[in-house]
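One structure is given below, encoded as structure tokens.
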Amino acid sequence: MKKLINAPENVVKEALAGMAIAHADLIDVHFDPDYIVRKGAPHNKVGVISGGGSGHEPMHGGFVGYGMLDAACPGAVFTSPVPDQMLAATKAVNGGKGVLHIVKNYTGDVMNFEMAAELAAAEGIEVASVVTNDDVAVENSTWTAGRRGVGVTVLLEKIVGAAAEAGADLATCKAIAERVNAHGRSMGMALTPCTVPQAGKPGFELAEDEMEVGIGIHGEPGRRREKLAPARDIAEMLAGPILDDLPFQSGDAVLAFVNGMGGTPLIELYLMYNELARILKDRNITIARSLVGNYITSLEMAGVSFTLLRLDDEMIKLWDAPVHTPALRWGM
Amino acid sequence: MKKLINAPENVVKEALAGMAIAHADLIDVHFDPDYIVRKGAPHNKVGVISGGGSGHEPMHGGFVGYGMLDAACPGAVFTSPVPDQMLAATKAVNGGKGVLHIVKNYTGDVMNFEMAAELAAAEGIEVASVVTNDDVAVENSTWTAGRRGVGVTVLLEKIVGAAAEAGADLATCKAIAERVNAHGRSMGMALTPCTVPQAGKPGFELAEDEMEVGIGIHGEPGRRREKLAPARDIAEMLAGPILDDLPFQSGDAVLAFVNGMGGTPLIELYLMYNELARILKDRNITIARSLVGNYITSLEMAGVSFTLLRLDDEMIKLWDAPVHTPALRWGM
Amino acid sequence: MQITADHVTSFLQLVAERVKEQREYLTRLDAAIGDADHGVNLDRGFSTVMSKLPTATDRSISGLLKLTGMTLISTVGGASGPLYGTAFLRAGTAIGDRATIGAEELIAALSAALEGIQTRGKATRGEKTMIDAIAPAIDALKEQYAASGDLLAAMRAAVTACEQGMIATEPMLATKGRASYLGERSIGHRDPGAASAFLMAQAMLATLERAVQG
Amino acid sequence: MQITADHVTSFLQLVAERVKEQREYLTRLDAAIGDADHGVNLDRGFSTVMSKLPTATDRSISGLLKLTGMTLISTVGGASGPLYGTAFLRAGTAIGDRATIGAEELIAALSAALEGIQTRGKATRGEKTMIDAIAPAIDALKEQYAASGDLLAAMRAAVTACEQGMIATEPMLATKGRASYLGERSIGHRDPGAASAFLMAQAMLATLERAVQG
Ligand SMILES: Nc1ncnc2c1ncn2[C@@H]1O[C@H](COP(=O)(O)OP(=O)(O)O)[C@@H](O)[C@H]1O
Ligand SMILES: Nc1ncnc2c1ncn2[C@@H]1O[C@H](COP(=O)(O)OP(=O)(O)O)[C@@H](O)[C@H]1O
Ligand SMILES: [Mg+2]
Ligand SMILES: [Mg+2]
Ligand SMILES: [Mg+2]
Ligand SMILES: [Mg+2]
């Protein structure tokens, strides 16, 4: 295991300490329970919080700030945070207009957020929750744990954050969040595994000529193992199931999000974006907005995920609204 | 070699094509000769261009836009671009007030930019050049090729770009560039090598418990090979030589730039930033500004570099000025 | 025999020790079909329980179990934190303010724990989770105790059933939890939660055996 | 014997072939003390030269050499592009409008090429660069030709000197180019530019040998 760390058990706290200093103008970091909270919280608006295991940086802590999240709760690496964190964060950001919990669909995340929401409700705070589940690699059936929440989470946090900033009430924020989730789909693949610091060994082994297709964001193997393929074939493997699922249609305008898994250099992400753009053009789908970079990651894993979000005018307006966080910033 | 590519020889062009579509609002990409140019060029100001081998993304192409570069010339991976590119870019951005060439100190880059500058001058364009050479890992002596240009290049491009945007003339831009270069120092290390697509094999081999200290940005081995060490020791190894070289002194205000080599996840970069902040605090040096992320990279290499820039008020003002490029954006 | 708060403390200590020992094993199981954190998660939780035990104010059986449940919920995270946490909380609640408990109360407490896991996680048998180890164990415990009236013998049967249940998760297709994302690829791997449940069952048996001997 | 434009074309073809063959070798040498691109760089350059040759308008010796120089400058990049590019340009300029050249003109052209490399790169002998292969080769060529008047024999001596010069770069400490960043660690490795220069010298000899035979 080759990492820039001191002790595996201290990685999360030490990285949080670094974030706190690097972005002292935007955020405060609270320890025990751990959460990252926007400077000056609570604000006079619906509070928007999220959380999940660490190892997905910049998500979610890098999205705390004006126009996006009010707080983020980082768990241990790839481990959902505990209810104490979400409860404390919920209290810290509650400005009296209620708090929206953005939860990625993983059993642990859902249960821990649920418990926090119950506790917050018991303290008189109005809480609404949205669960993202955009990963088309996983079958969505009442007989399974359902689809995983992946790339759409980033887009949803930006869009709902803008709505909350503009004064939308809790019900409206929840409705917009659900609309974004309903119109977004993702799929990812890995060229290499990653190593949870405390596990010390990679999550799986892959030969030099193999890749995992249909991975989540927790370093787990994907739906299937395949022979390594050229970028254009990989792009088809990811884009095909996404496009067919919603389904996206000729004439749709989308936000195209090409996301690196953490260890993929930007040059490859732009190359993959080029492939995606070609596929969309062939289907007469317009890229109205795009995002290319490492935003929802799995430690040092090399790989890529595509997310497509079918946009409407309100989503575009909210996407374009000013945002000022450590990882996403524009308009200010 | 595991990469998201089609054919090794097409990586640069295909990535450029992706960039062109993803950032169509900011840049145009010209092919044969290849260069990335700011939308609407030339502007009524000093033109600022840079260039170098590809594989360092987002540098330089990601820094083209308002308040930073007017054009960037990407060579083959880790290979300096050719004079035709810099000549074409120089002509494209020349608004009549002259053009500044920002060159990293590598024999190839220096020679190719020199030839381009001669050709541009022959066409009546006023060209000034600044050569960055901030890497303290390399001895600076008249008997060597001198220090490499590394992290300071990013900071310099932002600061000089702001000056040019504000209307500074060519001589002033060059003077500011030289001041930034003179006050900045860097050093880097690698946990893993990287693979040039057309070479197909890693630049060096490292055992599980080894690292390279004093690397450049071209996947080459460093000044020395050492046993892997905890983050705090690595931080000392990098920060020590930087601090002693200028030397930075108690009471100085600096911009602290913690840069990933491309394959290092953000969680480790923030952890390293935390170590750097501690070292600076011990020396009574104030971090007035910071930058944490993968900005000047070596393909998928895992590793980190530190850059410290001693700031004065003008540099701070120029750093804070609005910038809108694919990779750096604030104030607009 | 009657089970006392000291027995519960011994049981918790044994679980904490065994979890620490088996940390890599549990994590390796989780790496195959999950996210490589199950052993690390439980170790973090039970280590914290150990650090809190000495200063616990309510040292009754139910007090200790609730402290354990709360601590697991507050420190483990993931799926197993709320599940095991809820289990210990429910067991504590079932026992109420009894200073000591007998076989019947133990069986009731364990049944309440399982119910808690099922309510929280909404999984049933056959979905390749900890439930596939715990439910058969409790069935065996009840049956054998009803038949023999010998708690120790019944617990031995329970541990055997638990082990069989754990092994039986291997050929299962996961339909709950993280392993379900793997679809067919989850087949052929032991469920990590079933393995940690078996470890707890073994600790319970060992504690009872010592209590009977000692 | 007189060297014609056709000989120059054959030489360029041979260089292009050998560079393509030796691409990995040159790149591997560059990986050890540089950035793993030397073979790829030269192959890109000489492949482009090959694609341009058929449609070249100025097919004189100097025209072909200048086309090669310009093409290398425009396609190779890095340090070797401007250096080899300048070398070919200078050689072409030295030859001027002569339709054929003899030994003396060849020696003068090669000397001009070396001067071009030195002016552009500001390196001298002993710095572990292509100069350490080229300069001794030209020395040997001059000496042997002066002594024997036999160009072929002199070129054989030049190639031997070139090879020795290339090998002699191995123990050197690099003080120019990218290898200089390695400091002491550059010792023990052959300079890639010296290796490509040797390859060109071999191609020159082979071309002459064929010309004499044919
Ligand atoms: N819905 C559920 N009901 C019961 N047990 C579950 C459920 N989901 C997961 N588990 C159990 O949790 C175990 C995984 O725990 P752990 O690795 O700590 O959490 P996570 O899956 O969040 O990483 C699985 O092996 C399984 O036994
Ligand atoms: N200043 C110089 N003078 C002469 N030759 C040089 C000089 N710098 C580098 N070289 C030669 O160039 C070769 C490297 O070429 P190449 O790998 O193509 O370029 P780069 O070093 O820019 O990657 C070295 O092996 C060396 O022989
Ligand atoms: Mg987990
Ligand atoms: Mg190079
Ligand atoms: Mg797990
Ligand atoms: Mg090279």
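So that the names make sense, note that chain A is the first sequence line, chain B the second, and so on, each numbered from 1.
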Inset, instruction - Tell me, for A:Met189 versus chain B, whether the close heavy atoms (under 4.5 Å) come from the side chain, the backbone, both or neither. - result: side chain
Inset, instruction - Determine the option with the most heavy-atom pairs under 4.5 angstrom with chain B, choosing from A:Leu16, A:Val11, A:Leu269, A:Thr192. - result: A:Val11
Inset, instruction - Side chain from CB out, backbone as N, CA, C, O: work out which of these in A:Ile234 comes under 4.5 Å of a heavy atom of chain B, or both, or neither. - result: side chain
Inset, instruction - Give me the contact list for residues 302-309 of chain B versus chain A, heavy atoms only, anything under 4.5 Å, ordered by residue number. - result: B:Gly303, B:Val304
Inset, instruction - Given side chain to side chain contact (heavy atoms under 4.5 Å, CB included), test A:Glu275 with B:Asn6 step by step and report yes or no. - result: CA-CA 10 Å; A:Glu275 297 298 338; B:Asn6 292 305; 2.7 Å; yes
Inset, instruction - Over all heavy atoms of both residues, which pair between B:Leu271 and A:Leu4 is shortest? Give the atoms and the distance, please. - result: CD2-O, 3.6 Å
Inset, instruction - Between chain A and each of B:His56, B:His324, B:Arg329, B:Met261, count heavy-atom pairs under 4.5 Å; write down the option with the most. - result: B:Arg329
Legend entry - A:Lys3: side chain to side chain contact (heavy atoms under 4.5 Å, CB included) partners, not counting sequence neighbours: A:Met1, A:Ile5, A:Thr195, A:Pro197, A:Leu299, A:Glu300, B:Glu268
Inset, instruction - Could you grab the distance from atom NZ of A:Lys13 to atom CG of B:Asn274, nearest 0.5 Å is fine? - result: 13.0 Å
Legend entry - chain B neighbours within residues 199-213 of chain A, where any heavy atom lies under 4.5 Å away: A:Leu206, A:Ala207, A:Glu208, A:Asp209, A:Glu210
Inset, instruction - Name the region of A:Val258, side chain, backbone, both or neither, that has any atom closer than 4.5 Å to a heavy atom of chain B. - result: neither
Legend entry - Max heavy-atom pair count under 4.5 Å with chain B, selected residue of A:Ala229, A:Pro326, A:Gly262: A:Gly262
Legend entry - Interchain contact, B:Ile21 with chain A, by part (heavy-atom threshold 4.5 Å): both
Legend entry - Distance in Å, B:Met59 CE paired with A:Leu266 CG, rounded so as to fall on 0.5 Å steps: 12.5 Å
Legend entry - Proximity of residues 276-298 of chain B to chain A, residues having a non-hydrogen atom under 4.5 angstrom: B:Ala277, B:Ser290, B:Val292
Inset, instruction - Going by the side chain to side chain contact (heavy atoms under 4.5 Å, CB included) test, name the single residue among B:Glu14, B:His23, B:Glu57 that passes it with A:Tyr270. - result: B:His23
Inset, instruction - Would you mind checking which part of A:Met272 comes under 4.5 Å of any heavy atom in chain B, side chain (CB onward), backbone (N, CA, C, O), both or neither? - result: side chain
Legend entry - Greatest number of heavy atom pairs closer than 4.5 Å to chain A - which of B:Gly331, B:Ala7, B:Ala235, B:Ala15: B:Ala15
